[in-house]
4 protein chains.
Amino acid sequence: MEKIKGLIDAPFTPMLANGDVNPDPIPAYAAMLAKNGLKGVFINGSSGEGYMLTPEERMLLAEKWIQAAPAGFKVIVHVGSCCLRESVHLAAHAAEIGAWGIGAMAPPFPKIARIEELVAYCETIAAAAPGLPFYYYHIPAFNGAYLPMVDLLKAVDGRIPNFAGIKYTYESLYEYNQCRLYKNGKYDMLHGQDETILPSLTQGTEGGIGGTTNYNGRELTGIIEAWQRGDLETAREKQNFAQAVINVICKYRGNIVGGKRIMKLIGFDLGPNRIPFRNMTDDEEAAMKQELDSIGFFERCNQF
Amino acid sequence: MEKIKGLIDAPFTPMLANGDVNPDPIPAYAAMLAKNGLKGVFINGSSGEGYMLTPEERMLLAEKWIQAAPAGFKVIVHVGSCCLRESVHLAAHAAEIGAWGIGAMAPPFPKIARIEELVAYCETIAAAAPGLPFYYYHIPAFNGAYLPMVDLLKAVDGRIPNFAGIKYTYESLYEYNQCRLYKNGKYDMLHGQDETILPSLTQGTEGGIGGTTNYNGRELTGIIEAWQRGDLETAREKQNFAQAVINVICKYRGNIVGGKRIMKLIGFDLGPNRIPFRNMTDDEEAAMKQELDSIGFFERCNQF
Amino acid sequence: MEKIKGLIDAPFTPMLANGDVNPDPIPAYAAMLAKNGLKGVFINGSSGEGYMLTPEERMLLAEKWIQAAPAGFKVIVHVGSCCLRESVHLAAHAAEIGAWGIGAMAPPFPKIARIEELVAYCETIAAAAPGLPFYYYHIPAFNGAYLPMVDLLKAVDGRIPNFAGIKYTYESLYEYNQCRLYKNGKYDMLHGQDETILPSLTQGTEGGIGGTTNYNGRELTGIIEAWQRGDLETAREKQNFAQAVINVICKYRGNIVGGKRIMKLIGFDLGPNRIPFRNMTDDEEAAMKQELDSIGFFERCNQF
Amino acid sequence: MEKIKGLIDAPFTPMLANGDVNPDPIPAYAAMLAKNGLKGVFINGSSGEGYMLTPEERMLLAEKWIQAAPAGFKVIVHVGSCCLRESVHLAAHAAEIGAWGIGAMAPPFPKIARIEELVAYCETIAAAAPGLPFYYYHIPAFNGAYLPMVDLLKAVDGRIPNFAGIKYTYESLYEYNQCRLYKNGKYDMLHGQDETILPSLTQGTEGGIGGTTNYNGRELTGIIEAWQRGDLETAREKQNFAQAVINVICKYRGNIVGGKRIMKLIGFDLGPNRIPFRNMTDDEEAAMKQELDSIGFFERCNQF
């Protein structure tokens, strides 16, 4: 199976002021990401508020992204849901409309407690789009599925033919690495924390999915480029800069809320977040802007 | 606002062997519950695998239960969802078709971390069915919303006019009691743990929602009756028996899986559970049956 | 084995302003508790900052309490420690000086993860004072030992001859009750949450250990007395009052810090807490005093 | 203040079969570690079962290690305890007998919940050995002190003069890195996870403390050597091998139990662990030996 090289972006979902999904900015969004070195998008995931969209909205977004994708730009559709039948429906739809791949996180309810439950869940979804690579999206902080990922690989190996790999969004770089080493790299392990791209490169990582790549993509792809040409100093400087940006966002409700608002600040307004997320006040926005300014973010962010 | 007296049941969702929702048993189900002293149903909640149903299935079930309800038998529709727009739609539908009330648990994703988020969530749903009492369903073990409930009452008081109270499914009997005492009982606090009905009666509890009432309703309503006539010994014996039944279920994946299977054992097959729940094997069913038999469950359970 | 009837108090450790242990108030302390209906003390536990005392201080306190105890007033010495050899030493010392019983919580480090580890720990301590009843002190919020207590009883039964029972300080009244029911009450289950004395009485509880009994002992023992004479209204009023007091303490760092400071407010200064506890400022003390005053605490508290 | 370059070892505490501390092997132990490239020891910490030793045993061990240390071989004495007065005593003793430095983890009880509590705790200990560097040992999995470490640095800066840095044993490589970057590296951040030495080197890490360095020290120090000479392949191979060894230990109760038993397997028996740790059976030891053999551990481990 093809392995992803480089970084995939997890886009925000564009919305109107009233909270309706707004597909209009998607072509420009896709073009901007491609221009900045991103290799594709992982849509309707956590950054995209996927769980907070209706199935119809999710399908509309998938269609629009696939239409807008430049040649070779991968669209992976997150189809996870508490309702497995909905996931199956979304997976089949993704296949039909020409998605490059699909993915699903564990449902947050009911909480997955055993590998066997997770395998049954993934298996059913993967079978609904048998021609597409399926990625398990491991983000236990969001769903409580703190399960050992090497055990997942062992369990799906030989059972789910289109299981492609894992989007690994968790702190344990060494568990991530053990997954990479499983059967000499049988599965595609996508690194999923923008804070540790450089450390993971020592392990042999080649691909990942980013959340802050939406507005800091050049710097993040720059880490990998610098590393590949042997320029550790530049790679380190860019990783440290990426961290400084993340530190600001962490004070403003994280990437889903704070990051989405940064898009507005760089001239690409994607609208509000849905309840129960709390949108920033104008004062908070101004404070965040100032903090980003003080670390030189707007000078370096030159994405359009 | 009217307060619920007695016990409401949280029914399982009847399914065919292939997992499709099967509304056919609902009239008999409602009649059985009413006969055994239950005052209504809280449908599409956790026992009913509500999060694992499509919106269409949830609406169908609501319609069928309302049609089947005997006179005075309350149908409360759980409309919680990770997607608030779906919840709003379900709430409006429940009002339209004549539900007695609605309820919603906190979404498991994104995890609610502040009272303000929870209030905004409840407010939006409650406003979609302004003529119905809205119950917040507090079950933090399922969604991580470990928030102080007295603070919730303070926050909704004066803001959400149809906020009726809380279905309280958590260990802390003393927090439960403080909610009861808030403004001398302004809100309807529904006790939500079948294991502690008797202890809570000392606090003045008058209503609750049960999960094991599906198959052990006579014993559980019997606790309240015995207490009310001053027969502590009988109340205690029935509470201890209820606990013994729950102890068996706990070994067989809890009420959603094990309890649903008990329905089959007492002659009212409601079908399987949906993935990621793991259904029991025949051997497990036989073992559970034997354990229930050894505590005299089938003799005492005389529901039909 | 004798079962404890009524309430045992968990006293604070008297200290001088410089933090040294001060045994001088102990005789008056013991007399006051006995006068207010307490049946004994559980010393050097969490309320007594036992883990924060040196072994020498712990032994000194044990000696002083035993000397000061009125006839029939039980002194149970908490001997738990991360260092089992220290616990063994303290247990043997307690036996030598005439303690009524001993107790130990699970060590917070290393965290106990299995019943077998806990049994080995309890067994070694209990064997060092074979003539005394040994109580396991279950307070998992403090040490992370979230283990099923019925399983502990099964494991110690037949193996630790002087295992007397459990001081149960955890939310689950129904697990508590199952321990009570084990072999028809073979073990002495001491209820350990002042917030739920009344509810637990429906289960048949006869004894417990309190932390707020230090300054609210008459009200708490009054709950049991009222219940026993069939006066539910008074029992409920006293339980609700006890809760109101606890609600104030919860705002002021809980019983160990806030409760110890209440002793000063009622004229029996026991000094500061040890680091890492943060002692109250004078302003905080004044604010707490006012809150206690507003619920009528000082009028009702008439302990001396 | 001097920064530590290279790896420090966290030794096991040698014990006799009856569990008594046995200082006899310490000179050979120190010599072996020095020979294999370790720069010193961090004694009486978690690997050394420090919390499970009496104060007298801890002081004896400190004396013996200091006597046995080759020239330039640093002895850092862990003095953390639930009883701060004991820690103060141990810190003063360490200074008196010529320790290179001291360290302390947060007490597991009472659980530290605020930076201010942690600072007061560290401050008191550090002040008892004002001439020695004090290291905070961050290992929240063992004591629940999940506090932000950059905030700790800010809080101690200007307040605790001999605060040297942090032994950082937690998953978050990026928080670790932010601590490193604080005031351009004002504090000595010791990397504390043998699984991620190589990734952390990209960040600029120069020193660390290991637990598996006891029996795998040549390989772990070899990672740093290979990295420094630009040989990424060898560094990666050694890191992966170190992980393979750790994977085996994880199946056998982790480093404290399983790792200590490996010492016996390589001919340097350090005796059993103390209760509540469960020692391995002979069968388990044999199984572990076979697993280690299958990854070539005994061939590569050539420490003596």
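Computed over heavy atoms, backbone and side chain alike; hydrogens, waters and symmetry mates excluded. To find a chain, count down the sequence lines: A is the first, B the second, and so on, and within it residues start at 1.
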Notebook entry, point to check: Around atom NZ of C:Lys154, are there more than 12 heavy atoms of other residues, nucleotides or ligands at under 6.0 Å?
Noted result: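 Count not over threshold, so no.
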Notebook entry, point to check: Can you tell me if CZ on D:Arg159 sees more than 12 non-hydrogen neighbours from other groups inside 6.0 Å?
Noted result: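 Check passes, neighbour count above 12.
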Drop me the distance from [X]'s [atom1] to [Y]'s [atom2], to the nearest 0.5 angstrom.
X        : Y        : atom1 : atom2 : answer
D:Cys82  : C:Leu53  : SG    : CG    : 11.0 Å
C:Cys122 : D:Ile275 : SG    : CD1   : 11.0 Å
D:Thr54  : C:Glu86  : OG1   : CD    : 8.0 Å

Notebook entry, point to check: In a check of side-chain contact (heavy atoms from CB on, under 4.5 Å) between C:Pro110 and each of D:Pro276, D:Pro108, D:Ser46, which one passes?
Noted result: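 For C:Pro110, the side-chain contact (heavy atoms from CB on, under 4.5 Å) test succeeds with only one of D:Pro276, D:Pro108, D:Ser46, which is D:Pro276.
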Which region of [X], side chain (C-beta onward) or backbone (N, CA, C, O), has a non-hydrogen atom less than 4.5 Å from a non-hydrogen atom of chain C, or is it both or neither?
X        : answer
D:Glu49  : neither
D:Thr124 : side chain
D:Asn273 : neither
D:Ala113 : neither

Notebook entry, point to check: Taking side chain as C-beta onward, heavy atoms only, is D:Arg85 less than 4.5 Å from C:Arg274?
Noted result: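 Yes, their side chains come closer than 4.5 Å.
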Notebook entry, point to check: Any idea how C:Phe109 and D:Tyr51 line up, ring-wise: parallel (<30°), tilted (30 to 60°), or perpendicular (>60°)?
Noted result: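 The rings of C:Phe109 and D:Tyr51 stand perpendicular, inter-plane angle above 60°.
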Notebook entry, point to check: With only heavy atoms counted, which part of C:Ile112 is less than 4.5 Å from chain D, the side chain, the backbone, both or neither?
Noted result: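 For C:Ile112, side-chain heavy atoms alone lie under 4.5 Å from chain D.
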Margin query: Heavy-atom pairs under 4.5 Å with chain C - which of D:Ala106, D:Gly19, D:Pro55 has more of them than the others?
Written below: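 If we count pairs closer than 4.5 Å to chain C, D:Gly19 comes out on top.
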Item checked: C:Arg278/D:Glu117 under salt bridge (Lys or Arg N to Asp or Glu O under 4.0 Å): CA gap, chis, key distance, verdict -> CA-CA 7 Å; C:Arg278 288 169 299 132; D:Glu117 296 164 4; 3.2 Å; yes
